[in-house]
Number of protein chains: 2
Amino acid sequence: MDAAVALERFRARLSRDGRRTTGQRDAIATVFFEAGRHLSLLDILDLAKRISPGVGFATVYRTMRMLADWGLASEHRFDGGQTLYEPIDADAHHDHLICVRCGRVVEYEEPEVEALQERVAARYGMRVVSHKHEIYGECLAGCRPPVGAPGLGD
Amino acid sequence: MDAAVALERFRARLSRDGRRTTGQRDAIATVFFEAGRHLSLLDILDLAKRISPGVGFATVYRTMRMLADWGLASEHRFDGGQTLYEPIDADAHHDHLICVRCGRVVEYEEPEVEALQERVAARYGMRVVSHKHEIYGECLAGCRPPVGAPGLGD
DNA sequence: CTCGTTGCAAACCTTTTGCAAGGAG
DNA sequence: CTCCTTGCAAAAGGTTTGCAACGAG
């Protein structure tokens with residue numbers, strides 16, 4: 001739904017910058033904006049291949065880098081291996097709760113934290129550019145260790 | 001100062017676990033506990049070599065891993081390359097303010113954040129194991145890009 | 001046609017690990 | 001002596017990049 005909007009924004013920016021719209025980029029941006037969860041480069045590669053079989057890893061890498069640079073995607077490196085990507089919602093900033101057992105990621109908004117950090121930064125003579133608040137914990141219910149491939153919305 | 005205490009704690013744990021006290025481990029733990037700033041494995045290797053020239057990277061790696069497992073060191077992966085290590089002060093938990101320009105790391109304590117996150121986690125049915133609150137910003141004064149400054153690069 | 005884009009494979013960087021020689025207990 | 005440790009070098013695991021062929025405009 002506003003995956004479509006995001007995709008359009010991406011295309012617009014491409015042409016505005018004199019860069020080209022290609023099947024690969026469309027495929028990558030599409031699966032990314034429609035996924036509804038945090039994706040690694042390999043996740044995205046997998047999904048994109050279903051639409052555009054020939055896509056290569058490097059293209060996914062470069063496209064996601066571009067999306068991140070343009071403020072359309074954010075990169076997260078939670079504890080553990082790879083970088084995960086997530087569409088940026090211009091309206092609301094959110095942070096993450098990560099289960100250390102099953103890896104589930106839950107998003108939450110907490111305005112108080114945002115306010116608090118402004119005060120902390122000011123106290124140390126700094127201007128806030130961004131922040132990261134990650135709470136690592138354990139699901140009290142419904143926690144199951146990571147089994148096979150991360151369950152995609154398929 | 002209580003670098004000595006920490007070192008002793010480390011030695012005690014070693015013998016308690018039937019592991020051996022060696023010159024390398026002492027050198028590594030010593031420079032680490034005395035540094036007073038965040039160190040990368042290479043920083044530690046460098047410093048340790050001044051005391052015990054033959055130390056190898058693998059030993060630093062394994063020793064720091066051990067310290068982290070034993071709760072004597074914490075590992076941080078701020079935005080950018082390598083993992084940085086810092087002694088854990090059992091008394092107080094703190095978080096970090098990181099300058100995106102010069103890489104300076106300032107520590108701060110903010111009890112309110114701690115309290116807040118318990119509430120957030122509970123709201124989503126999770127029990128907090130640990131957390132990370134990193135504020136990225138820009139120094140308003142005294143900020144100089146990383147030049148020959150020891151240690152912190154980007 | 002032109003010049004941005006792509007896939008492949010190699011380069012990189014940091015973190016891990018296998019192994020035979022070395023050393024603490 | 002016995003095993004834990006060590007340093008070396010190679011393996012891993014992920015991210016970046018060089019390059020010649022490709023293809024959008």
Side-chain angles (χ1 to χ4, degrees), chain A residues 10-29 31 38-46 48-49 51-70 73-85 103 146 149-150, chain B residues 10-29 31-32 38-46 48-49 51-70 73-85 103 151-154:
Chain A
F10 174 47
R11 288 224 190 89
R13 175 68 189 256
L14 277 174
S15 93
R16 173 148 66 80
D17 279 27
R19 319 198 64 172
R20 292 167 186 168
T21 299
T22 65
Q24 290 94 323
R25 285 178 175 164
D26 264 14
I28 293 166
V31 301
H38 297 73
L39 300 173
S40 68
L41 289 174
L42 287 176
D43 290 336
I44 298 169
L45 177 62
D46 257 19
K49 275 185 168 162
I51 299 182
S52 178
V55 184
F57 181 82
T59 301
V60 172
Y61 168 74
R62 289 186 276 232
T63 301
M64 293 314 298
R65 223 53 172 37
M66 194 158 71
L67 286 170
D69 285 347
W70 291 352
S74 63
E75 305 176 305
H76 296 291
R77 258 158 121 139
F78 300 131
D79 286 354
Q82 340 99 300
T83 300
L84 298 183
Y85 291 81
Chain B
F10 174 47
R11 286 224 192 88
R13 175 68 188 257
L14 277 174
S15 93
R16 174 148 64 82
D17 280 28
R19 318 199 62 172
R20 290 167 186 169
T21 300
T22 66
Q24 290 93 324
R25 284 178 176 165
D26 263 13
I28 292 166
V31 301
F32 171 61
H38 297 72
L39 300 173
S40 68
L41 290 173
L42 286 176
D43 291 336
I44 298 170
L45 176 62
D46 256 19
K49 275 184 168 164
I51 299 183
S52 179
V55 184
F57 182 83
T59 302
V60 172
Y61 168 74
R62 289 186 278 233
T63 302
M64 293 314 298
R65 221 57 169 46
M66 194 158 73
L67 286 170
D69 286 348
W70 291 352
S74 64
E75 305 176 307
H76 297 291
R77 276 192 267 266
F78 298 133
D79 287 353
Q82 340 99 303
T83 300
L84 298 183
Y85 291 81
L152 300 173
D154 234 316

Closest nucleotide of DNA chain D for G56(B) versus for G18(B): which of these residues is on the 5' side?
G18(B)
How long is the line joining CD of Q82(B) and P of dC12(C), in whole Å?
18 Å
OP1 or OP2 of dT16(C) sitting under 4.0 Å from any side-chain N/O of Y61(B)?
yes
side-chain hydrogen bond (donor to acceptor under 3.5 Å, both in side chains) filter on T83(B), not counting sequence neighbours, yields R77(B)
Five pairs at each end of the helix from dC1(C)-dG25(D) to dG25(C)-dC1(D): take the axis at both ends and give me the angle between them to 10°.
30°
dT15(C) phosphate, OP1 or OP2: any side-chain N/O from T83(B) under 4.0 angstrom?
yes
In this structure, how many angstroms lie between the C1' atom of dT15(C) and the CD1 atom of I44(B), rounded?
14 Å
Rounded to the nearest angstrom, tell me the gap between atom CG in D43(B) and atom P in dT15(C).
11 Å
Measure CZ/R62(A) against P/dA9(C) and give the value in whole Å, please.
14 Å
Sorted by number, residues from residues 19-29 of chain B placing a heavy atom under 4.0 Å from DNA chain D are R19(B), R20(B), T22(B), Q24(B), R25(B)
Give the rounded distance in Å between these two atoms: CZ of R65(B) and C1' of dT14(C).
12 Å
Whole Å only: how far is the CZ atom of R77(B) from the P atom of dC13(C)?
19 Å
Chain B contact limits on DNA chain D, taken 5' to 3' with a cut-off of 4.0 angstrom to heavy atoms:
dC3(D) to dC8(D)
For a quick check of understanding: with a heavy-atom distance under 4.0 Å over all strands, which category does L41(B) fall into, base, sugar-phosphate or nothing?
sugar-phosphate
Using the side-chain hydrogen bond (donor to acceptor under 3.5 Å, both in side chains) criterion, which residues pair with R13(A)? Sequence neighbours excluded.
D17(A)
Applying side-chain hydrogen bond (donor to acceptor under 3.5 Å, both in side chains), name anything that partners D69(B), two or more places apart in sequence or on another chain.
none
How many whole angstroms separate atom CZ of F57(A) from atom C1' of dC12(C)?
14 Å
